[in-house]
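Okay, structure first, notes after.
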2 protein chains.
Amino acid sequence: MAARGAAQNKGPATAQAHQSHNHRECIDDALTRAREICAARDVQLTPLREKVLQIVWRSHKPVGAYDVLDELARSHKSARPPTVYRALDFLMGEGLIHKIESLNAYLGCTEAGAPHSGQFLICRQCGATEEIVDPKLEAALDQAAKRVHFSAEHKVVEISGLCARCAA
Amino acid sequence: MAARGAAQNKGPATAQAHQSHNHRECIDDALTRAREICAARDVQLTPLREKVLQIVWRSHKPVGAYDVLDELARSHKSARPPTVYRALDFLMGEGLIHKIESLNAYLGCTEAGAPHSGQFLICRQCGATEEIVDPKLEAALDQAAKRVHFSAEHKVVEISGLCARCAA
DNA sequence: ACACGGGCTGTTATCTTGTAACATTGCGCC
DNA sequence: GGCGCAATGTTACAAGATAACAGCCCGTGT
Ligand SMILES: [Zn+2]
Ligand SMILES: [Zn+2]
Ligand SMILES: [Zn+2]
Ligand SMILES: [Zn+2]
């Protein structure tokens with residue numbers, strides 16, 4: 001998966017969302033992976049759900065539900081809010097997208113298939129949002145909860161600021 | 001307007017959300033501290049703002065803006081959404097309350113005066129939400145951002161699950 | 001005194017985000 | 001050929017947040 005591979009690279013790393021890259025590959029990889037995952041789990045990635053996933057993956061910026069709706073409606077006249085929210089709920093349930101709580105928006109998951117709670121770096125300048133997987137951060141979260149005997153289930157980590165490119 | 005309905009509890013009725021304690025003290029301390037802070041900064045903690053702060057501090061559960069509004073309206077008939085949001089914005093600006101992004105709700109800050117980004121443990125059962133300050137977690141967040149040359153400005157950390165009491 | 005300006009609040013209307021509730025369709029199964 | 005279930009269609013509304021403009025209060029300068 002292109003996005004995933006980039007995230008693992010050591011180099012000037014953030015920049016997947018910024019550096020020009022073949023985003024078509026990101027989309028294709030995400031859709032292929034989603035089909036595999038849903039097939040393996042025997043759940044239905046219907047055309048509607050797949051279309052919504054595609055729309056969410058149009059960029060590396062979180063996209064609002066009503067933006068998804070506008071886009072979806074171009075090819076699917078009967079689309080209404082529940083249409084979109086159901087698809088988004090399904091995709092979240094299968095771990096194919098994440099909700100960015102601080103933006104009320106949705107983002108394709110670059111680590112689909114491996115259950116995880118997302119950790120996000122959100123550029124306030126360009127909007128590009130990168131999902132990171134940082135075991136030390138994960139451990140620190142678990143430790144913090146454990147310290148007060150709190151049983152953690154879902155973790156929201158959203159850091160906003162300036163990406164490397166925009167800071168320069 | 002009236003159609004929006006009355007305030008109701010977010011948690012179960014049982015919900016002694018947290019360990020029993022003299023919550024009056026929590027409120028008094030928070031208000032005293034807020035007055036000191038605002039005086040020191042030469043900003044106005046007006047009666048309206050103080051009242052809103054008081055309402056937010058009625059419990060250790062995050063409270064929605066419209067719940068604040070309903071409560072405020074009991075003593076302040078002219079209260080409208082902008083009334084509440086302005087007060088909440090002021091209080092957030094001065095670091096006296098936090099917004100819990102994953103709940104679209106607001107919570108009194110227990111560390112007012114010391115600039116910090118909040119870290120929260122949210123019990124899905126009783127609603128009680130505890131603000132923690134964990135330097136190791138803070139460091140892990142900074143490290144994670146630094147690793148990809150991201151300049152962090154605001155950090156959202158919200159862990160939901162079961163508090164010690166509810167897990168037992 | 002009086003005009004001015006800035007900060008706070010009042011007021012109306014609207015926008016954005018998300019759900020409830022019920023109807024309909026399509027398909028595997030018996 | 002009727003049943004059950006998952007997915008989608010459809011209508012209506014709830015919940016969260018802001019835009020835009022009006023009025024008020026009070027301190028300052030003249
Ligand atoms: Zn891409
Ligand atoms: Zn950027
Ligand atoms: Zn208390
Ligand atoms: Zn609890």
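All values derive from a computational prediction rather than experimental measurement. To find a chain, count down the sequence lines: A is the first, B the second, and so on, and within it residues start at 1.
- Between B/Tyr85 and D/dA17 there is a side-chain polar atom (N or O) within less than 4.0 angstrom of OP1 or OP2.
- Look at B/Tyr66 and you won't find any side-chain N or O under 4.0 angstrom from OP1 or OP2 of C/dT17.
- Residues passing the salt bridge (charged side-chain N to carboxylate O under 4.0 Å, His left out) test with A/Asp70, sequence neighbours excluded: none.
- In this structure, A/Lys51 atom NZ and D/dT8 atom P are separated by 15 Å, rounded to whole Å.
- For residues 30-39 of chain B, the pairs satisfying salt bridge (Lys or Arg N to Asp or Glu O under 4.0 Å) are B/Arg35-B/Glu50, with sequence neighbours left out.
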N/O donor to acceptor pairs below 3.5 angstrom from side-chain atoms of residues 129-137 of chain B, sequence neighbours left out:
residue	atom	partner	partner atom	Å
B/Thr129	OG1	B/Gly127	O	3.1
B/Glu131	OE1	B/Thr110	N	3.2
B/Glu131	OE2	B/His98	NE2	3.1
B/Glu131	OE2	B/His116	NE2	2.7
B/Asp134	OD1	B/Lys136	N	2.9
B/Asp134	OD1	B/Leu137	N	3.0
B/Asp134	OD2	A/Arg147	NH1	2.5

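- When rounded to the nearest whole Å, the span between CG of A/Asp67 and C1' of C/dT17 equals 11 Å.
- Residue A/Val156 belongs to a hydrophobic cluster whose other members are B/Val156, with links defined by side-chain heavy atoms closer than 4.5 Å.
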Between the protein and nucleotides 4-11 of chain C, list the N/O to N/O atom pairs that are separated by less than 3.5 angstrom.
residue	atom	partner	partner atom	Å
C/dC8	OP1	B/Gln44	NE2	3.3
C/dC8	OP1	B/Arg49	NH1	3.4
C/dC8	O5'	B/Arg49	NH2	3.4
C/dT9	OP1	B/Thr46	OG1	2.8
C/dG10	OP1	B/His76	NE2	3.0
C/dG10	OP1	B/Ser78	OG	2.7
C/dG10	N7	B/Arg86	NH1	2.9
C/dG10	O6	B/Arg86	NH2	2.4

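- The interatomic distance linking B/Lys99 (NZ) with C/dT17 (P) rounds to 11 Å, in whole Å.
- The CD1 atom of B/Ile100 sits 5.5 Å away from atom CD1 of B/Ile122, with the distance rounded to the nearest 0.5 Å.
- The separation between A/Leu88 atom CG and C/dT19 atom P is 10 Å, rounded to whole Å.
- Judged by distance alone, the side chains of A/Glu158 and A/Gln119 never bring a donor and an acceptor atom under 3.5 Å apart.
- Phosphate proximity of D/dA15 to B/Asn104: absent, as no side-chain N or O sits under 4.0 Å from OP1 or OP2.
- Here the C1' atom of nucleotide D/dA15 and the CG atom of B/Asp70 are 11 Å apart, to the nearest Å.
- Rounded to whole Å, the distance from CG on A/Asp89 to C1' on D/dA6 is 15 Å.
- With rounding to whole Å, B/Leu103 atom CG is found 15 Å from C/dT17 atom C1'.
- Between the P atom of D/dA14 and the CG atom of B/Leu69 lies a distance of 16 Å, rounded to the nearest Å.
- Applying the salt bridge (Lys or Arg N to Asp or Glu O under 4.0 Å) test to every pair with at least one member in residues 53-65 of chain A, sequence neighbours left out, gives these pairs: A/Arg58-A/Glu71.
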